[in-house]
Protein chains: 2
Amino acid sequence: MSSEKRSTLEDVARLAGVSLGSASRALSIPDQVKPATLAKVRHAVSQLGYVRNGAAQALASRRTKMVATIYPTLSNPIFSVAIHALQQTLWRFGYQLLVASHEYEPEREIELLRTVVERGVDALVLVGTDHPSEVFELARQYDLPYVMTWSIDGSHYPHCIGFSYHDAAFDLASLVVKMGHRRIALCNGFESANERARSRAAGTRAALKAAGLSLDASLVTEQPFNFEGGREAVRIFLAQETPPTVLICGTDLQAIGAIDECRRRGIRVPEDLSITGFDDIEHAAIVVPPLTTVKVPTEDIGVLAACRVVSLLEGETLRPAAPLESRVIVRESLGRAPEVARSSLDRLRGQT
Amino acid sequence: MSSEKRSTLEDVARLAGVSLGSASRALSIPDQVKPATLAKVRHAVSQLGYVRNGAAQALASRRTKMVATIYPTLSNPIFSVAIHALQQTLWRFGYQLLVASHEYEPEREIELLRTVVERGVDALVLVGTDHPSEVFELARQYDLPYVMTWSIDGSHYPHCIGFSYHDAAFDLASLVVKMGHRRIALCNGFESANERARSRAAGTRAALKAAGLSLDASLVTEQPFNFEGGREAVRIFLAQETPPTVLICGTDLQAIGAIDECRRRGIRVPEDLSITGFDDIEHAAIVVPPLTTVKVPTEDIGVLAACRVVSLLEGETLRPAAPLESRVIVRESLGRAPEVARSSLDRLRGQT
DNA sequence: CTGAAAGCGCTAACAC
DNA sequence: GTGTTAGCGCTTTCAG
């Protein structure tokens, strides 16, 4: 139990009166050793408080039992929930999770990946399909299996766990149109290096087009995926000659920020301006007014990505996974488009 | 740039025409090799696309350049922000962060720690001071330096980065008292294995005592640190004969849940019931009504913990850190205690 | 400043 | 089933 120095497998073997090899096997493939040996080894292990040396194991076996995931940010609850699910599930299979985040900077993603490769991981879980080519080169060079999460789109990557942002956005925008909105604004995230943002925009545009509408260029903005991004969008669009009647946001975080900005300015949601979100974070149901948004399969993404990674690591060949479901959640932040002149808003804004 | 198999330091040395040892030094202690050698090695490295093998390095040097942190949960934004700061800062010093969460189960914390030790980490960042004794035993046995975060209390651990939950709670409760409240309810987290929850309760009690008041046992509940916990507290306390006029919550998450529950029930905040939070997450300012809470030094905790860990790892001897600051943030969710009979509430509840 | 060489602790053939 | 042994790729003395 005590032992000043960390004891080694050799100590265990000696104490158990077996060879190094048997001791090793007893620990990693217990059903290939005689029960008696197993018992002796186990006893010695607990007596010495022995703990494997991961580095040595990794060096000799060429597997670290670690998988890395590189996320845009941990500050969006949607991501922390998925990461948690990922971690729990990997853990259950005996794998550790190395988490890193690049805060939406492609350069940093490469750096992180490089470090993580150097540290030694058996596989990668990436967010989205749009990555610098260096990412794929590194993965190939060290033949690291990788699974991509969140997005399932036209890209033909073998292992994607996610849903169609295009379709989800399409469904939501269709509802917006159905509510009578014609002057529709979009607060998206930055589309470069983010196929989810692009798919969302595309899905939105497709829905408008299906209704004979289109997205006015002056009613689209790219903002950070946080409260402030949504606030800024409200400021931008409400300063316009003819403000929109609805603001479609790329994330709930933006939408909640937008709602807050409206409250501060005395803009009523949804009477003066409807607002929609995306993700259905827990807060979406609580904010006032509750947010109309798209529920995405956050938890499942984490769990299924973990399962797939493990399968890949165990050498299974898997066919592409089916897309998961997303669903529009109707709450109060989306209302009918005002039929008449936007009198109250105009009043608030002082002059037209 | 290509190379089918991962190249080794030996390949680099050969290509550079130097010895293995020199190549190794060139990479880790560049200013102890002749510039010419350095250049040759660097060139070979980039030519081969060489990346160190972390496991081998760890095995030989007995340092992994990884630190692990074990958090209660990632679902509280206060934690994900701190973790992000921790990670960024460690990264800057060349360390990787291994993140794990135990969801407030002490048993799991031990398991996680064991795995993390086995994997090999150079140091630990723990949350709070209250941990199963196994945690300390393991840390000692593998002499892993550790720093404890968030809480600074009477416990005499050498490396704590945080603030006094007791004092923070004291300040907040003092304000509550000053606002005229006498019937005060506390929705705390589970106090076992959580000295932060205990300190908060103690601080609250101390403030009441200083005002000649005390916390009625029937007005204290332990709930999970999430929305639902706050909701439940509202249900419990409002069902009472004489409901409280204020609900002090252990986290903003609980407070926001409580506010939501009130809204659903038509209880006005703060007119019928005042509510306070703790943490000052970004949402606290946005919820309606905005939350009176305690701002805690989230970011600093991450950054300073990282710095301290690195210092320890580099062999510096540090004296205990000074406590960080917390500050009461006054917003609208805390109002004056109603002077008169709680007529409106009573009406809502049907009968007294 | 550099080269040679001895491990770090474990796994994975390979014989027995 | 079990013991033996040769590395895994790197760091780190120790001479020179």
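The structure displayed is predicted, hence computed values, not measured ones. Numbered from 1 within each chain, the chains take letters A, B, ... in sequence-line order.
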Q: Say whether, by atom type as modelled, one donor and one acceptor occur between the side chain of R6(A) and the main chain of D143(B) under 3.5 angstrom.
A: no
Q.
Quick check against the 3.5 Å criterion: does T149(B) have a side-chain atom that pairs as donor or acceptor with the backbone of L126(B)?
A. yes
Pairs of donor and acceptor atoms involving the side chains of residues 52-60 of chain A, under 3.5 Å and at least two apart or interchain, shall be tabulated with distances.
unit_1	atom_1	unit_2	atom_2	d
R52(A)	NH1	E118(B)	OE2	3.4
N53(A)	OD1	A55(A)	N	2.8
N53(A)	OD1	A56(A)	N	3.0

(Q) Just to verify, which of F225(A), Y104(A), Y71(A) counts as forming a ring-ring contact (aromatic ring centres under 6.0 Å, His included) with F79(A)? (A) Y71(A)
**Q.** Partner of L124(B) under side-chain contact (heavy atoms from CB on, under 4.5 Å), chosen from V116(B), V147(B), V117(B)
**A.** V116(B)
Q.
Does any part of the side chain of L9(B), heavy atoms only, come nearer than 4.5 Å to the side chain of L20(B), both counted from C-beta?
A. yes
Q | Side chain to side chain, W91(A) and T115(B), heavy atoms closer than 4.5 Å | A | yes
Q: Could you tell me whether the side chain of L74(A) reaches within less than 4.5 Å of the side chain of L74(B), counting heavy atoms only?
A: no
**Q.** Boundaries of the DNA chain C segment in contact with chain B, non-hydrogen, under 4.0 Å
**A.** dC1(C) to dG9(C)
(Q) OP1 or OP2 of dT11(D) versus the side-chain N and O atoms of Q57(B): is any pair under 4.0 Å? (A) yes
Q: Mind running a 4.0 Å heavy-atom check of residues 112-124 of chain A against DNA chain C and sending the residues that fall below it, in number order?
A: none
**Q.** Gap between atom CG of L86(A) and atom OG of S80(A) - 0.5 Å precision
**A.** 12.5 Å
(Q) Give the residues of residues 21-30 of chain A touching DNA chain D, defined as any heavy atom closer than 4.0 Å, sorted by residue number. (A) G21(A), S22(A), R25(A)
Q: Can you pull out how bent the helix from dC1(C)-dG16(D) to dC16(C)-dG1(D) is, comparing the axes over its first five and last five pairs, to 10°?
A: 30°
(Q) Between C1' on dG3(D) and CD on E10(A), what's the gap in Å once rounded to a whole number? (A) 13 Å
Q. Within a strict 4.5 Å, meaning less than it, do heavy atoms of the V127(B) and I70(B) side chains meet?
A. no
**Q.** Side-chain touch Y95(B)/L313(B), heavy atoms, less than 4.5 angstrom
**A.** yes
Q | Sidechain-backbone polar pair: R42(A) side chain, A26(A) backbone, donor-acceptor under 3.5 Å | A | no
(Q) Please find the pair of heavy atoms, one from I110(A) and one from P132(A), that lie closest to each other, and give the distance. (A) CD1-CB, 3.6 Å
Q) Under the 3.5 angstrom rule, does the side chain of S311(A) hit a backbone N or O of C307(A) as a donor-acceptor pair? A) yes
N/O-N/O pairs, protein side and nucleotides 6-8 of chain D side, under 3.5 Å:
unit_1	atom_1	unit_2	atom_2	d
dC8(D)	O3'	R62(A)	NH2	3.4
dC8(D)	O2	A60(A)	N	3.2

Q. Is V67(B) close to D122(B) at the side-chain level, that is, under 4.5 Å between some pair of heavy atoms?
A. no
